Amino acid sequence: MSSLLYRWGKTAYAGKWWVSGLWLLLIAGIVTLIVVNPPKLSNEIRIDGTPAQEVIDDLADRLPDASGGQGILAFHSTDGERIDEGENLAALLDAVDDVYGEAHVIDAREVMADEMAKGPDSLLLQASAAIGQVQGSAADADAPTPLIVEQMPVPGVVVSADGQTALFQFAFDEQTFELPEGTVDETIETAESAVADEDIDVLPSSTMIQIPELIGIGEIVGVAIAALVLIVTLGSLVAAGLPLVSALSGIGVGVGGAFAISSIVPMHSLTAVLALMLGLAVGIDYALFIVNRQRRFILDQRLTAREATARAIGTAGSAVFFAGTTVVIALLALTVVQIQLLTTMAFTAAATVIIAVLSALTLLPALLGFVGERICSPKARLNAGTAHEAGSSHRVANGWSGFLVRNRYLAAIGSLVIAGVLAAPALDMDLGLPSGASYHPDTPQRQSFEIVGDAFGDGYNGPLVVVATSPDDDTIPATDLAEIYTDLTDLDGVTAVALGGLDEDGTTAVFSLVPETAPTSQDTADLVTTLRDASPAFADDYGVDIGVTGFSALAIDVSERLADVLPLYIAVVVGLSLIVLLLVFRSIIVPIKATVGFLLSVAATFGATTAVFQWGWLQPIFGMDATAPVLSLLPIIITGVLYGLAMDYEVFLVSSMKEAHVHGAKGRESVTRGFAVASRVVVAAAIIMTSVFAGFIYNPEPMIAQVGFALAFGILIDAFLVRMTLVPAIMAIFGDKAWWLPRWLDRILPNLDIEGDKLTKHLDRT
């Protein structure tokens with residue numbers, strides 16, 4: 001591998017024009033595909049086989065009008081006037097009329113008119129009449145009321161008891177992510193235009209997001225910090241620019257390719273964001289490793305830029321290839337849980353990492369060919385010689401590693417204690433999906449959530465959908481539907497129940513059930529469980545199957561499914577870690593130590609994420625003010641990604657210690673020498689990754705913010721607490737015994753030589 005990469009490095013350096021040209025053609029082709037087929041992303045978390053998803057899929061066949069995307073708009077009067085009187089009422093009715101006139105919005109007025117035309121034969125009207133007879137006659141003064149105009153209710157609109165707020169609920173003819181781009185935004189703008197002349201705020205719910213913002217100011221700042229770190233590390237604007245160009249080119253192909261096929265392959269927005277995060281972070285880091293190695297060859301061994309490039313590709317490039325392979329393996333291991341959403345995420349992110357590696361190994365040496373000897377300035381060459389003679393080039397690293405070696409037991413125990421304290425909050429971690437309450441207070445989604453909760457009740461932010469279906473496809477009698485309505489209304493924790501729809505044959509009825517509590521409340525989750533547990537009773541009494549879906553039901557099912565598969569995935573990752581590191585380092589202690597460190601990093605990350613997002617600790621620092629459950633997908637995503645990235649740092653750091661050991665350094669000396677060589681670039685790489693991931697913390701989409709925080713914190717802990725502190729301490733404790741391997745195992749294991757030691761020896765002899 002090293003020899004092959006060495007020869008390629010020379011070829012790409014000399015053939016810089018045609019290599020760069022191929023990359024430009026590839027990027028241009030992908031841009032063309034994106035223009036022809038615009039990206040189609042969604043926020044839908046779909047996990048097939050869960051009860052809530054099965055209800056949605058069944059409803060799509062039986063009653064398509066009730067299975068489209070949900071629209072919820074809150075109209076709030078800001079001048080103290082009632083919204084259902086005078087000019088405010090006229091503006092509100094214009095908004096309703098205009099929204100129902102949008103191309104992809106189902107006009108509930110037309111649906112009702114069709115039913116009215118059927119007269120006594122309308123099964124829906126029969127059921128509504130039967131339900132009307134069993135409804136209580138005493139009105140609750142605090143309950144919302146339908147908007148009545150000319151003695152007729154306006155379909156989909158209810159008004160709060162104080163008259164300040166109207167809630168307009170409607171349905172699209174397709175799921176939100178399947179609608180043409182801009183449909184949701186146009187619908188919101190239509191409502192805003194209709195009430196523009198009045199003091200009325202139009203606040204869309206969190207369901208009214210079609211394509212979330214992927215790149216914002218936070219992400220740009222993160223990349224800017226990464227660029228600054230590159231400049232400080234490499235000491236040159238030219239040298240610092242190369243990793244950025246290489247990484248951005250990889251992103252253009254990897255993420256651009258994902259966008260190009262998103263109209264064919266259903267893709268969650270988090271999939272694109274994860275690929276973007278990883279592509280940027282590893283793309284910059286891998287190119288940094290190679291450029292740094294090339295510069296060291298030039299400055300320390302006085303090689304030409306061409307020879308230094310070839311050797312850097314052959315040595316550091318081999319390590320990059322292996323490091324990228326570990327990330328890809330960790331991501332592809334997500335497929336063992338057999339969840340389509342995670343499988344798509346795994347393949348997309350893995351493909352982006354592969355392309356980042358290819359960019360570092362192919363495009364980067366070509367770019368180095370354009371720069372030539374200017375990669376190192378005359379001043380850098382002079383300073384390198386002076387520092388080498390003074391022996392001070394690794395002063396800080398030597399000081400820190402010396403401290404760790406002298407206080408190795410204290411450092412090891414201290415690292416374990418700190419990681420344990422950080423992990424403690426994870427014992428209280430609740431998994432769920434983000435709701436309107438998860439958004440920043442300045443966003444319309446959060447404002448809508450709070451206004452709706454105050455005016456109508458928290459449950460109106462996430463009604464449950466209860467579906468009653470005749471298993472024999474017999475018409476459900478209107479009297480039975482009225483009794484089902486009564487039974488649902490009498491359940492503890494239910495605020496309101498309404499018949500939402502009935503298919504033409506009367507075999508499937510849809511009820512909208514409003515809980516007393518918020519969508520993410522445990523009480524709402526308990527209500528979902530109660531409804532499902534009552535299904536046998538409904539079957540016995542009325543001969544119908546009861547299914548429950550909606551936000552809370554989906555959140556419960558997704559969380560339970562992912563919690564069930566997480567132990568299996570962790571077991572797979574731990575097994576991979578032990579095997580891969582055994583092959584790389586030919587040691588028993590090193591794989592065990594590395595795997596334990598990885599588990600500590602993951603546990604600490606889970607704990608910190610719980611404390612910040614669920615408990616609300618330190619949120620003002622991150623510009624947040626919203627407590628929410630930890631994203632259900634997050635533990636399994638973070639486990640896979642952190643494993644791959646943690647192994648990167650393990651490889652680059654410990655391989656340097658092994659190289660020092662192979663070249664004669666004994667015991668603790670190999671630790672300090674290896675640490676001195678690798679620590680500077682590992683620190684720079686960790687800061688770069690942390691900066692890139694941290695930029696996503698400020699994304700307005702809660703899911704993206706949580707993933708950004710978890711990855712940034714995980715890298716920070718793994719790099720500085722585990723790899724830069726715990727690992728040297730443990731290696732110093734074991735000394736030469738850290739490299740022990742049974743003879744029989746030594747004979748059968750292949751020698752991967754990821755640092756290109758054999759290549760270096762061969763070149764030194766020639």
Side-chain angles (χ1 to χ4, degrees), residues 49-67 115 118 120-140 143 459-460 462-517 519 521-557 560:
T50 57
Q53 189 61 54
E54 288 178 346
V55 171
I56 293 174
D57 294 341
D58 186 56
L59 201 58
D61 293 332
R62 292 176 173 269
L63 195 58
D65 285 351
S67 64
E115 292 298 325
K118 296 177 183 177
D121 294 332
S122 170
L123 297 177
L124 178 61
L125 294 181
Q126 293 175 22
S128 298
I131 290 173
Q133 291 178 358
V134 300
Q135 284 178 326
S137 57
D140 185 351
Y460 278 86
L464 297 174
V465 177
V466 180
V467 181
T469 305
S470 170
D472 300 324
D473 288 334
D474 294 329
T475 299
I476 305 173
T479 53
D480 284 357
L481 291 175
E483 291 297 324
I484 293 171
Y485 166 88
T486 301
D487 290 348
L488 293 175
T489 303
D490 291 341
L491 289 173
D492 291 337
V494 174
T495 293
V497 178
L499 179 63
L502 190 67
D503 68 344
E504 291 186 359
D505 298 326
T507 61
T508 301
V510 178
F511 294 90
S512 175
L513 186 150
V514 180
E516 293 178 353
T517 49
S521 168
Q522 182 58 46
D523 291 336
T524 305
D526 293 340
L527 177 59
V528 172
T529 303
T530 299
L531 285 165
R532 288 175 171 172
D533 291 343
S535 182
F538 281 99
D540 292 339
D541 295 341
Y542 311 111
V544 298
D545 293 331
I546 292 293
V548 185
T549 188
F551 179 88
S552 296
L554 283 167
I556 291 172
D557 295 343
E560 288 181 352

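The first residue in the sequence is number 1, and the count goes up from there. All figures in this text were calculated on a predicted structure; none of them were measured in a lab.
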Answer whether the closest heavy-atom distance between the side chains of Leu63 and Val510 falls below 4.5 Å. yes
Assess whether side chain to side chain contact (heavy atoms under 4.5 Å, CB included) is satisfied between Val528 and Leu464, documenting all intermediate values. CA-CA 8 Å; Val528 172; Leu464 297 174; 3.9 Å; yes
Show your working on side chain to side chain contact (heavy atoms under 4.5 Å, CB included) between Leu513 and Val494 and close with a plain yes or no. CA-CA 7 Å; Leu513 186 150; Val494 174; 3.9 Å; yes
Qualifying residues under side-chain hydrogen bond (donor to acceptor under 3.5 Å, both in side chains), relative to Asp545, sequence neighbours excluded: none
Kindly determine whether Gln53 and Asp57 satisfy side chain to side chain contact (heavy atoms under 4.5 Å, CB included), including the steps that lead there. CA-CA 6 Å; Gln53 189 61 54; Asp57 294 341; 3.2 Å; yes
Those residues that, when tested against Tyr460, pass ring-ring contact (aromatic ring centres under 6.0 Å, His included) (two or more places apart): Phe456
Taking side chain to side chain contact (heavy atoms under 4.5 Å, CB included) as the definition, give me every residue that meets it alongside Val544, ordered by chain and number, with sequence neighbours left out. Ala468, Ile476, Ile484, Phe538, Tyr542, Ile546
Listed partners of Glu115 passing side-chain hydrogen bond (donor to acceptor under 3.5 Å, both in side chains), at least two apart: Lys118, Ser122
Those residues that, when tested against Asp523, pass side chain to side chain contact (heavy atoms under 4.5 Å, CB included) (two or more places apart): Thr517, Ser521, Asp526
Val514 and Val497: CA distance, side-chain angles, deciding distance, side chain to side chain contact (heavy atoms under 4.5 Å, CB included) verdict: CA-CA 6 Å; Val514 180; Val497 178; over 6 Å; no
Ala555: partners by side chain to side chain contact (heavy atoms under 4.5 Å, CB included), with sequence neighbours left out: Leu433
Checking Asp474 now: which residues fulfil side-chain hydrogen bond (donor to acceptor under 3.5 Å, both in side chains) with it, not counting sequence neighbours? none
Using every non-hydrogen atom in the two residues, find where Pro515 and Pro463 come nearest and quote the distance to one decimal. CD-CA, 4.2 Å
For Glu516, give me all partners under side-chain hydrogen bond (donor to acceptor under 3.5 Å, both in side chains), at least two apart in sequence or on another chain. none
Not counting sequence neighbours, list each pair that qualifies as a salt bridge (charged side-chain N to carboxylate O under 4.0 Å, His left out) and has a residue in residues 533-544. none
Mind listing the closest non-hydrogen atom pair of Leu527 and Gly493 along with its distance? CD2-O, 3.8 Å
Is the backbone of Leu531 close enough, under 3.5 Å, to the side chain of Ser535 for a donor and an acceptor to pair up by distance? no
Using modelled atom types only, decide if a donor and an acceptor are shared between the side chain of Ser552 and the backbone of Pro519 within a distance under 3.5 Å. yes
Where do Ala127 and Leu481 come nearest, in terms of heavy atoms and distance? CB-CD1, 3.6 Å
For Arg62, is there an ion pair with Asp473 - N to carboxylate O distance below 4.0 angstrom? yes
For Arg532 and Ala553, which heavy atoms make the closest approach, and how far apart are they? NH2-CB, 3.8 Å
Taking only residues two or more places apart in sequence, or in another chain, which ones meet Val55 in a side chain to side chain contact (heavy atoms under 4.5 Å, CB included)? Val467, Thr549
Quick one: does Leu502's side chain get under 4.5 Å of Thr508's, heavy atoms only? no
Pairs touching residues 476-505 that satisfy salt bridge (charged side-chain N to carboxylate O under 4.0 Å, His left out), sequence neighbours left out: none
